[in-house]
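See structure below.
Letters A, B, ... are given to chains in the order of the sequence lines, protein chains preceding strands, and every chain is numbered from 1.
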Amino acid sequence: MYIKDLHAFEGKEVTLKGWVANRRDSKGLVFINLRDGSGVCQCVADANKISEEDFNNAGKLGLESAIELNGTVLKDDRQIGGYEVQISSLKVIQFVDNYPIAKKEHGVDFLMDNRHLWLRSQRQWAIMRIRNTIIFAIHKFFQQEGFVQMDAPVFTGNACEGTTNLFETDFYGDPAYLSQSGQLYGEAMAMAFGKIYTFGPTFRAEKSKTRRHLSEFWMIEPEMAFYDIHQNMDLIESFLQFVIKEVLDSCQKELTLIERDTTILQSSLKKFPRLTYDEAVAIIKGEKDVNGVNSIRSLEEELAKVEAEIHAVTSEINEREAKIAAPGMKKGEINFNQNKIATLKSDLKELEEQQRNIPQWIESAKNFRYGNDLGGSDETVITRLFDVPIMVYDWPHEVKAFYLKRNPDDARFARGVDVLAPEGYGEIVGGGERETNEQMLRDKITEHELPMADFEWYLDLRRFGSVPHAGFGLGLERLVTWMCKLKHVRESIPFPRMYGRLLP
RNA sequence: UCCUCAAUAGCUCAGCUGGUUAGAGCGAGUGACUGUUAAUCACUAGGUCCCUGGUUCGAGCCCAGGUUGGGGAGCCA
């Protein structure tokens, strides 16, 4: 019997097993918020309706105590799930004291140290369920489309895209690296099965501490024989929209719980704009408007708005502080104001960060040098003009991986495509059409100073039945982060591995 | 690797220009209250002010170096 099924048992006697998520006392009454993994519901122990021993035990339950109880399911519209349970008997499996995560805001470092317990909280519960839905939807889509799931090795002897950022390990005395992409193996598998996708862990030893990076993350890499870049983009679009739709259809409760405004997810079901690198650069530099909106001018307006908000928030904080300092305020009211001030102060910190960032974005957008890759701020500058993910393709070949095909009509460009998520989330997909010409590949491998011998097997694919083919890589955690509108990727995976974080 | 911000009670933070015994809220403990939703109210306990050195009559506060963490750049999904 699980809490999610209570609605089917109205008026009936049920047995629930779970953990105490919260407890409140009153004379003769104990309210327990019980959590069982499927949901949360309030259970009431009434001194007049249960044994004295059970009632005393109920009053002593600390947070996260484990219990089993029998009770009657009653409809109660005041409750989150719409039902509450009137306890008739209670069995304590374990009493718990001093559970470290309090019913209060905590800092990131503390929560990360307690990740194994943090996962029990409502918000993390909802995020992990959405992650699960996304993973299932990914498999569903590709299986439905006739793709074969095949995984690439995790140990590799050579670097796919350069030798930096690799974790080195010992492989029977030889150096081996943890995979940073299954891409090249995916191409080999696509030549055997037509359409394949990999779904596995990926490792990047980047010493970066940003909200977008993990050292270990999960990547989905489809590869399709006989696809060109345009068919690739068609597939990316229908794939992402399938996943978004699945989440909207089956995770309403979770999205509400994490307070995700789904407007952008809804609007992402329309066509994704496809921009060439040239068009994207013109938009970023403010030389080309999007629906009458200019990137630079809208940033300047945003900055003015942020500054006005900072002013408003600052004066509200001062006002409330003055009120508290004045004599005669009741304790409850003081608490209320202090909480309010704490919230306002953290808002203020974020606003001030924006105030510092926006001028830098404007500068870097104005001074963007044609031919460079887009930086994090450039991605923010362009994506905030759209309410849907955008696809940027045909990149200067110098900034992209060696295996991307040159545009046959303009050799300056490689047929890569990046998908940039809206709301400032940036790149969630990178892919493209692959180079089929053996000599072009050899030149590129030399140019990137990669060891040719390690790539002979890969070049075999160009010698024996080379055909046009394309594919892409999706970072699962970045997709989860965007869809849940999280502040940081670390909340999108159960146990994040990142620079400076190996435990728990 | 670089830039930037921070570290004070179990947690989140305040601590004025360097000045006597370092504060609040939450959490914990005890008690009160028969419908609470982060319940409320009263009382109690709880401190190596990150570390090392320096300046000073005096350092939580100033200076130098380090450690750890946050945000960002580079690079990337």
Inset, instruction - Tell me, yes or no, whether the heavy-atom count around F495(A) atom CZ, taken from other residues, nucleotides or ligands under 6.0 Å, exceeds 12. - result: yes
Legend entry - RNA chain B: 5'-proximal contact among R211(A) and L214(A) (nearest heavy atom): R211(A)
Inset, instruction - Could you check G475(A) against D109(A) and say which one's nearest nucleotide on RNA chain B is further toward the 5' end? - result: D109(A)
Can you check the distance between [N] and [M], where both ends of the measurement are the [atom1] atom (answer in whole Å)?
| N | M | atom1 | value |
| --- | --- | --- | --- |
| rG15(B) | rC49(B) | C1' | 11 Å |
| rG10(B) | rA28(B) | C1' | 8 Å |
| rC63(B) | rA7(B) | P | 13 Å |
| rC5(B) | rA42(B) | C1' | 41 Å |
| rG29(B) | rC16(B) | P | 34 Å |

Check the distance between [N]'s [atom2] and [X]'s [atom1] and give it to me in whole angstrom.
| X | N | atom1 | atom2 | result |
| --- | --- | --- | --- | --- |
| F110(A) | rA9(B) | CZ | C1' | 13 Å |
| E398(A) | rC75(B) | CD | P | 14 Å |
| L479(A) | rC76(B) | CG | P | 21 Å |
| L474(A) | rC76(B) | CG | P | 18 Å |
| D25(A) | rU37(B) | CG | P | 13 Å |
| F472(A) | rA77(B) | CZ | P | 13 Å |
| K27(A) | rC33(B) | NZ | P | 4 Å |
| D76(A) | rU37(B) | CG | P | 13 Å |

Inset, instruction - Would you indicate what N48(A) reaches in the nucleic acid, counting non-hydrogen atoms under 4.0 angstrom: base, sugar-phosphate, or nothing? - result: base
Inset, instruction - Would you indicate what N372(A) reaches in the nucleic acid, counting non-hydrogen atoms under 4.0 angstrom: base, sugar-phosphate, or nothing? - result: nothing
Among the nucleotides [options], which one has an atom lying closest to any side-chain atom of [X]?
| X | options | answer |
| --- | --- | --- |
| R78(A) | rU37(B), rC11(B), rA77(B) | rU37(B) |
| K209(A) | rG35(B), rC76(B), rG70(B) | rG70(B) |
| N165(A) | rG71(B), rC76(B), rC75(B) | rC75(B) |
| T210(A) | rA77(B), rA28(B), rA73(B) | rA73(B) |
| R490(A) | rG71(B), rU34(B), rA28(B) | rG71(B) |
| S26(A) | rA77(B), rC11(B), rC33(B) | rC33(B) |

Legend entry - Check: Q79(A) side chain, rU36(B) base, donor-acceptor under 3.5 Å: yes
Inset, instruction - Please state whether the base of rC11(B) and the side chain of H106(A) form at least one donor-acceptor pair under 3.5 Å? - result: no
Inset, instruction - Please determine if a side-chain N or O atom of R24(A) lies less than 4.0 Å away from the OP1 or OP2 oxygen of rU34(B). - result: no
Inset, instruction - Using atom types as modelled and distance alone, determine if a side-chain donor or acceptor of S65(A) lies under 3.5 Å from a backbone N or O of V20(A). - result: no
Inset, instruction - Answer yes or no: is there a donor N or O on one side and an acceptor on the other, between the side chain of Q86(A) and the main chain of V73(A), under 3.5 Å? - result: no
Inset, instruction - Evaluate whether the aromatic ring of F31(A) and the six-membered ring of the rG35(B) base sit under 5.5 Å apart, centre to centre, with an inclination under 30°. - result: no
Inset, instruction - Assess the side chains of Y197(A) and H139(A): does a donor N or O sit below 3.5 Å from an acceptor N or O? - result: yes
Inset, instruction - Verify whether the ring centers belonging to Y458(A) and Y403(A) lie closer than 6.0 Å. - result: no
Inset, instruction - Indicate yes or no: does D77(A) engage K75(A) in a salt bridge with an N to O separation below 4.0 Å. - result: yes
